[in-house]
Structures are given as structure tokens and as C-alpha cells.
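All values derive from a computational prediction rather than experimental measurement. In the text below, chain A, chain B and the rest are named by the order of the sequence lines, each starting its count at 1.
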Number of protein chains: 2
Amino acid sequence: MPKGNILTVDDEEDILELVRYNLSKEGYSVTCVTSGEEALSIARSNLPDLLILDLMLPGVDGIDVCRILKNDQKTEAIPIIMLTAKGEESDIITGLEMGADDYITKPFSPRILLARVKAVLRRKRNEFQDKSRIIKIHDLLINPGRHEVSVKDRHIDFTRTEFRILQFLAQRPGWVFTRYQIVDDVQGEDYPVTERSVDVHIVALRKKLGSSGKYIETVHGVGYRFKE
Amino acid sequence: MPKGNILTVDDEEDILELVRYNLSKEGYSVTCVTSGEEALSIARSNLPDLLILDLMLPGVDGIDVCRILKNDQKTEAIPIIMLTAKGEESDIITGLEMGADDYITKPFSPRILLARVKAVLRRKRNEFQDKSRIIKIHDLLINPGRHEVSVKDRHIDFTRTEFRILQFLAQRPGWVFTRYQIVDDVQGEDYPVTERSVDVHIVALRKKLGSSGKYIETVHGVGYRFKE
DNA sequence: TAAATTTTCAATCATTAGATAAGTTATTAA
DNA sequence: TTAATAACTTATCTAATGATTGAAAATTTA
């Protein structure tokens with residue numbers, strides 16, 4: 001019984017082999033292609049459970065593939081893990097803004113690969129964007145109906161913006177969000193602010209959360225994430 | 001906009017996933033917990049619209065949870081659907097005697113689950129937000145039948161709108177409501193007024209309530225709430 | 001270690017709520 | 001029906017609260 005169908009796109013055969021070998025071993029069914037065109041065609045026809053996508057591709061490149069899939073209702077739900085060369089922060093950010101779900105920088109170990117794949121698939125399974133749902137994570141209880149956060153039965157007051165940011169991040173633990181994504185969610189699209197503003201809210205959040213502040217993690221050069 | 005808040009308690013993650021997946025899909029907001037203690041705590045603070053309760057739980061078991069909630073004036077109105085293993089007739093009977101509203105035997109199909117949930121919610125609708133229910137909270141007695149509010153045996157006159165706002169807020173102490181929600185409830189949906197109109201009524205309410213006015217709390221940037 | 005990024009902090013700016021008054025609409029009594 | 005009264009809404013001003021910025025310090029990364 002296969003655990004999931006994974007489509008992998010990379011122009012380097014070595015990488016494809018590495019991915020195929022390690023994921024097959026774990027029971028995933030892996031399809032490998034070497035171009036963006038093939039990726040699009042197979043993604044649309046097979047609707048894989050996950051797409052592992054190299055951003056540097058000849059022809060239609062990874063960013064394009066990501067954009068096209070995420071803008072098509074049929075394929076937007078396919079989770080995407082990007083593969084990037086180290087230091088390509090701008091690509092990572094573009095990809096995340098495009099809707100990609102996670103990224104791995106090359107070179108990577110099989111352990112990392114497997115961990116990310118599992119994490120993304122798990123998150124996808126229980127992802128619900130319900131702003132009124134109670135979020136229970138670690139020792140936090142985020143209760144939107146009461147606009148209240150409790151840590152081990154102690155209540156903490158947050159301003160509206162702080163609360164929303166916390167809720168946004170905690171909704172998808174482990175996912176990285178850029179500052180722009182955070183502003184977009186919290187203040188509405190194209191709200192004109194400096195990214196610094198987000199940092200200040202993050203600081204306030206961490207401070208008020210006290211020892212639980214450590215759950216809000218900085219991803220250097222990319223954004224923030226709530227610890228899984 | 002969620003159709004209702006449903007709290008689900010089970011120690012098996014699979015069951016929780018099954019419930020969450022199927023009910024979320026239908027537009028319900030689902031919170032999952034794995035122990036009786038958590039269930040009690042969230043049920044009391046959040047007053048969900050429905051509790052789906054496994055009877056076999058480690059620690060405080062389902063029957064206990066049911067008894068405790070049904071014996072507390074605050075939570076007795078929360079409808080409860082029990083989950084039981086096939087053949088546990090005596091548990092089912094105990095549960096029903098305790099005040100549970102329905103039961104489902106495991107294993108169950110999503111269709112059955114949904115049907116029962118809908119049925120129970122339909123039966124219970126309005127009973128919860130029963131506009132004719134007498135509300136006793138702190139030193140206030142709100143009697144909708146007589147359109148009368150008294151504080152420590154002193155009788156206070158309110159206008160129609162003021163009364164309804166007070167009733168609306170006091171119905172769910174601790175919950176924050178936006179001005180928009182208040183107008184919707186009190187004047188009907190899409191009633192064309194400025195949100196600031198609510199503020200003026202709040203001022204009047206607080207003034208007339210005198211020292212009890214402090215129970216109506218402002219949540220800056222969000223709305224108003226009746227102190228729990 | 002240098003460069004880039006994040007954190008901190010204080011000053012400034014913007015938004016939100018409270019108080020009060022004035023203007024509208026609805027209700028009641030003559 | 002009209003006049004008087006009450007209820008409701010809007011407007012304005014002020015105070016309080018929260019959000020944003022920019023610059024310096026600290027930290028992280030290459």
C-alpha cells in the first residue's frame with residue numbers, strides 16, 4: 001500500500017536518484033521528471049500528493065511551475081517542497097509567497113528530506129484554515145471566540161494584531177512565513193507597512209508569552225515560524 | 001462563517017481525525033482533545049455547540065465528563081453525542097440517563113456521524129440562544145419575559161435596544177463580540193448603521209447599570225464582552 | 001571578521017473608544 | 001393628525017491605546 005505519490009522534478013539525475021531511493025525505501029511511490037513542462041503535465045494529470053521541485057530548471061523554471069500550479073484551482077492543493085541552492089533567499093521568499101509549503105537547500109541529507117516530506121504530508125492532512133477554531137499547541141490554548149490566549153491556565157492579553165499574528169503562525173506549526181505573508185493575512189493585502197513592523201510585533205509576542213516565547217522561531221533571511 | 005463549534009474528545013487520534021475531517025468539510029469548526037480533563041476545561045470556557053464524547057477515556061472518563069457537565073448550570077445545555085464500542089449497552093443507558101442526547105457506536109461511517117450531528121444541532125438550536133431564558137450573572141438578573149433587569153433587587157429600565165445588547169452579551173460571558181455581530185443580533189442582519197452606534201448604547205448601558213457597569217468590558221480593536 | 005539580518009528602544013503617527021451634543025426617526029398622548 | 005416625547009443614530013472632540021518607523025545595538029551567517 002503506497003503512502004503517497006510524490007512527483008520529483010530536477011534536471012540533475014543524481015538528485016532524482018537520491019530522492020527516489022530514499023523515499024521509495026520508505027514506501028512512497030516516486031515519479032521523476034527532468035523538466036518543468038513534464039512536471040506541469042504530470043502534476044495536472046496525476047495530482048500527486050506532493051511535488052518536490054527544483055527551482056533551477058532549464059525552460060520553464062521551478063518558480064514558474066509553482067506559480068502555475070498554485071494559480072490553478074485543480075492543482076493548488078498539491079503541496080510543494082522547493083529545492084534550492086544555498087543562499088538563494090530571494091527564490092525561497094518568492095516561492096513561499098507563491099504558495100510553496102517548504103524548502104530544502106542543497107546539498108541535503110536523506111534524513112532532512114524524509115523529515116520534511118513527512119512533515120508536509122502530515123500538515124496537509126490536518127490543515128484547516130478556520131479562524132474561529134481553538135488552537136491547542138504545546139502549552140498554549142488560543143481561543144478566538146474569547147480573543148484570549150492561555151498558557152497553563154494563565155491568561156495573557158494580546159492586542160488585536162498580536163493575537164492575529166500568533167493565530168496565523170500557530171495555525172500551521174512548522175511552516176515558515178515571510179513578513180509580507182504575515183502582513184497580508186493580518187492587515188489585509190497590500191497594506192502599506194515596513195517589514196520591520198512585523199518584527200516589533202513578534203518581539204511583543206515573545207515577551208508576553210514569556211517562557212513560551214521560544215515557540216516563535218526566526219528563520220534567518222526568510223521569516224518566522226511557529227515551532228512544531 | 002462556521003456553522004457551529006464542535007468539541008471532540010477521544011484518546012484515539014484516528015477517530016479524532018475522522019471526525020475533524022468530515023465535520024470541517026461541512027463547515028463546522030472542530031476542536032479536538034484527547035482527555036477528559038481537557039474536555040471539561042474547554043467545554044466550560046468555550047461552551048461549544050456540541051460535544052462528541054468517547055466514553056472510554058483514560059483518567060476522567062466519558063461518563064464522568066458527561067455527569068459533570070450536565071450537573072453544572074453553565075454547561076448543562078451543551079448537547080452531547082456519546083461514542084461507544086459496540087455492545088456497551090449499559091454505558092449507553094447510563095449516559096442517556098445522565099443527560100446525553102444521542103450516541104454512536106464504533107465503528108461508524110461519516111454519513112452516520114454527520115446525520116447525528118445535524119439532528120442533534122437541529123433539535124438544540126435556539127435552546128442555547130433561547131431569548132426567553134432568564135440570565136443570572138454576578139448581581140444581575142435579566143428577565144426577558146418581563147423585559148426587566150434587576151441589580152440586587154433594584155429594578156432598572158432599559159430601552160429595547162439596550163436590553164437586547166445586554167442580553168446578547170450576557171448570554172455568553174467571556175466571549176468577545178464585534179460591533180458588527182452585536183448589530184446583527186440586535187437589529188437584524190445588514191441593518192444599516194454605523195458601528196459607532198453600538199458604542200453609544202454601551203455607554204448608556206454602563207451608566208444605567210451603575211457599579212455593575214464594569215461587567216461590560218471593551219476589548220480594544222475587537223469589540224465588547226460581558227465579564228465572566 | 002565583515003556583511004547582512006534581526007532585535008531593541010524610543011519617538012512619532014494612526015486608530016479606536018469615550019463623552020457629549022445635535023440631528024433623525026419612531027412612538028405616544030392630546 | 002399634530003405635538004410632545006422617547007429612542008436611536010450620527011458627528012465632533014478628546015483621551016487612550018496601539019501601530020509604525022528609524023536608528024543603534026546585537027546577533028547570525030558566510
Is the phosphate of [N] approached by [X] (side-chain N or O, under 4.0 Å from OP1 or OP2)?
X	N	value
H201(A)	dT20(D)	yes
T218(B)	dG18(C)	yes
T159(B)	dC8(D)	yes
R160(B)	dA6(D)	no
Y191(A)	dA19(D)	no

So if I take every side-chain heavy atom of [X] and compare against [options], which nucleotide ends up nearest?
X	options	value
Q187(A)	dA19(D), dT7(C), dA17(C)	dA19(D)
V193(B)	dC8(D), dT10(D), dA19(D)	dT10(D)
K207(B)	dC8(D), dT20(C), dA17(C)	dT20(C)

Side-chain donor-acceptor contacts of residues 102-110 of chain A below 3.5 Å, not counting sequence neighbours, with atom names and distances?
residue: K106(A); atom: NZ; partner: D10(A); partner atom: OD2; Å: 3.1
residue: K106(A); atom: NZ; partner: E12(A); partner atom: OE2; Å: 3.1
residue: K106(A); atom: NZ; partner: D54(A); partner atom: OD1; Å: 3.3
residue: K106(A); atom: NZ; partner: D54(A); partner atom: OD2; Å: 3.4
residue: S109(A); atom: OG; partner: I112(A); partner atom: N; Å: 3.2

>> Can you tell me how the ring of F226(A) sits relative to the ring of Y215(A), calling it parallel under 30°, perpendicular over 60° and tilted otherwise?
In response: tilted

> According to the interplanar angle, ranging from 0 to 90°, do the rings of F168(A) and F177(A) count as parallel (below 30°), tilted (30 to 60°) or perpendicular (above 60°)?
Replying inline: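 Geometry flag for F177(A) against F168(A): tilted rings.
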
> Start at the 5' end of DNA chain C and walk down; is the nucleotide closest to Y224(B) or to Y224(A) reached first?
Replying inline: Y224(A)

All N/O pairs under 3.5 Å across the protein-nucleotides 22-29 of chain D interface:
none

> Which residue lies toward the 5' end of DNA chain D, F158(A) or P192(A), if each is placed at its nearest nucleotide?
Replying inline: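 Its nearest nucleotide lies further toward 5', so the answer is F158(A).
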
> Closest approach of L16(A) and V9(A), non-hydrogen atoms and distance?
Replying inline: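 Shortest heavy-atom contact: CD2-C, 4.3 Å.
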
> Can you tell me if E17(A) uses its side chain to pair, donor with acceptor, with the backbone of D14(A) under 3.5 Å?
Replying inline: no

